[in-house]
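Excluded from the calculations below are hydrogen atoms, water molecules and symmetry mates; all remaining heavy atoms, backbone and side chain alike, are included.
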Amino acid sequence: MPNLAVAVLTPLAALAGLLLLARRLLLVVTVRGASMTPTLTPGDRILVLRRSARRLRDRRVVVLRSDRIPTSGRTDLVVKRVAARAGAPVPSGTGRVPEGHLVVLGDNPALSTDSRIWGPVPAASVVGVMVGRMGRADGARH
């Protein structure tokens, strides 16, 4: 009987370990506003790989902690697109993006509060990068 217990518990322990690892690496975020339309609409759920801003590329969709953006006045997660990284020219502006910062923009400028309002955001505000869609939250409509 001990072999049966080991045969059952070992895969369960491995599965539990994988689930714990996935939870530490991945995050599901529900889009709340229209700032990323038409790419993402309110109610879309996205899968986010937790990652620092170090290896981000321009044009990637990222999730940011707004409480780490001094001028945001918010305390939630926001979804935006990386427009420029440290050292790059500020889009539609003058100068360069300061070290340790990013310029992030929404895909719908008319409905987006982003670096056009906040200025460059601290790279430390990045939670992760979108790696895929998970469908729509219950009850969400286009």
Side-chain angles (χ1 to χ4, degrees), residues 3-142:
N3 288 339
L4 179 60
V6 169
V8 170
L9 292 178
T10 300
L12 287 176
L15 180 61
L18 283 173
L19 289 173
L20 183 61
L21 180 62
R23 185 156 171 89
R24 294 186 82 178
L25 293 176
L26 300 171
L27 176 68
V28 176
V29 174
T30 301
V31 176
R32 296 284 176 215
S35 72
M36 289 300 291
T37 58
T39 307
L40 300 168
T41 58
D44 286 349
R45 291 182 308 156
I46 60 173
L47 185 62
V48 176
L49 176 62
R50 293 179 194 261
R51 150 190 287 184
S52 71
R54 273 196 327 256
R55 297 183 324 200
L56 283 181
R57 290 178 280 172
D58 290 350
R59 307 295 307 149
R60 295 300 302 263
V61 174
V62 294
V63 172
L64 308 156
R65 284 187 49 181
S66 63
D67 63 339
R68 291 189 178 173
I69 302 170
T71 55
S72 78
R74 300 171 61 159
T75 60
D76 56 352
L77 296 177
V78 294
V79 180
K80 302 294 178 194
R81 188 176 300 278
V82 176
R85 293 172 286 146
V90 173
S92 302
T94 58
R96 298 205 169 269
V97 178
E99 193 64 36
H101 288 75
L102 302 166
V103 170
V104 294
L105 302 173
D107 287 356
N108 185 343
L111 296 176
S112 184
T113 301
D114 50 35
S115 287
R116 287 174 287 228
I117 307 273
W118 304 326
V121 301
S125 64
V126 172
V127 173
V129 62
M130 182 179 112
V131 293
R133 293 175 192 248
M134 301 287 297
R136 307 221 7 106
D138 290 341
R141 297 174 190 248
H142 275 288

Go through the steps to decide whether R81 and V62 satisfy the test side chain to side chain contact (heavy atoms under 4.5 Å, CB included), and finish with yes or no.
CA-CA 6 Å; R81 188 176 300 278; V62 294; over 6 Å; no
Do [X] and [Y] have side-chain heavy atoms sitting under 4.5 Å apart?
{"X": "T113", "Y": "S72", "value": "no"}
{"X": "V63", "Y": "I46", "value": "yes"}
{"X": "R65", "Y": "L77", "value": "yes"}
{"X": "V28", "Y": "L47", "value": "yes"}
{"X": "V79", "Y": "M130", "value": "no"}
{"X": "V127", "Y": "L64", "value": "no"}

V82 and R57: side chain to side chain contact (heavy atoms under 4.5 Å, CB included), yes or no, with the steps?
CA-CA 7 Å; V82 176; R57 290 178 280 172; over 6 Å; no
If we ignore angles and hydrogens, is there a donor and acceptor under 3.5 Å between the side chains of T41 and R136?
yes
Name all residues meeting the side-chain contact (heavy atoms from CB on, under 4.5 Å) criterion together with S52; count only those two or more places apart in sequence or in a different chain, and write none if there are none.
R54
What residues form a side-chain contact (heavy atoms from CB on, under 4.5 Å) with R32, not counting sequence neighbours?
T30
Atom of [X], atom of [Y] and distance for their closest heavy-atom approach:
{"X": "V103", "Y": "P91", "answer": "CG1-CD, 4.0 Å"}
{"X": "R55", "Y": "R51", "answer": "NH2-NH2, 3.2 Å"}
{"X": "P89", "Y": "A84", "answer": "O-CB, 3.8 Å"}
{"X": "V129", "Y": "V61", "answer": "CG2-O, 3.4 Å"}
{"X": "L56", "Y": "R85", "answer": "O-CD, 3.1 Å"}

[X] side chain to [Y] backbone, donor-acceptor under 3.5 Å:
{"X": "S35", "Y": "S112", "result": "no"}
{"X": "S125", "Y": "R68", "result": "no"}
{"X": "D44", "Y": "V31", "result": "no"}
{"X": "S115", "Y": "L105", "result": "no"}

Salt-bridge contact R74-D67 (side-chain N to carboxylate O under 4.0 Å):
no
Could you give me the CA-CA distance, side-chain angles and deciding distance for V121 and K80, then say whether side chain to side chain contact (heavy atoms under 4.5 Å, CB included) is met?
CA-CA 11 Å; V121 301; K80 302 294 178 194; over 6 Å; no
Could you pull out all residues at least two apart from R96 that satisfy salt bridge (Lys or Arg N to Asp or Glu O under 4.0 Å)?
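So R96 forms no salt bridge (Lys or Arg N to Asp or Glu O under 4.0 Å) with any residue.
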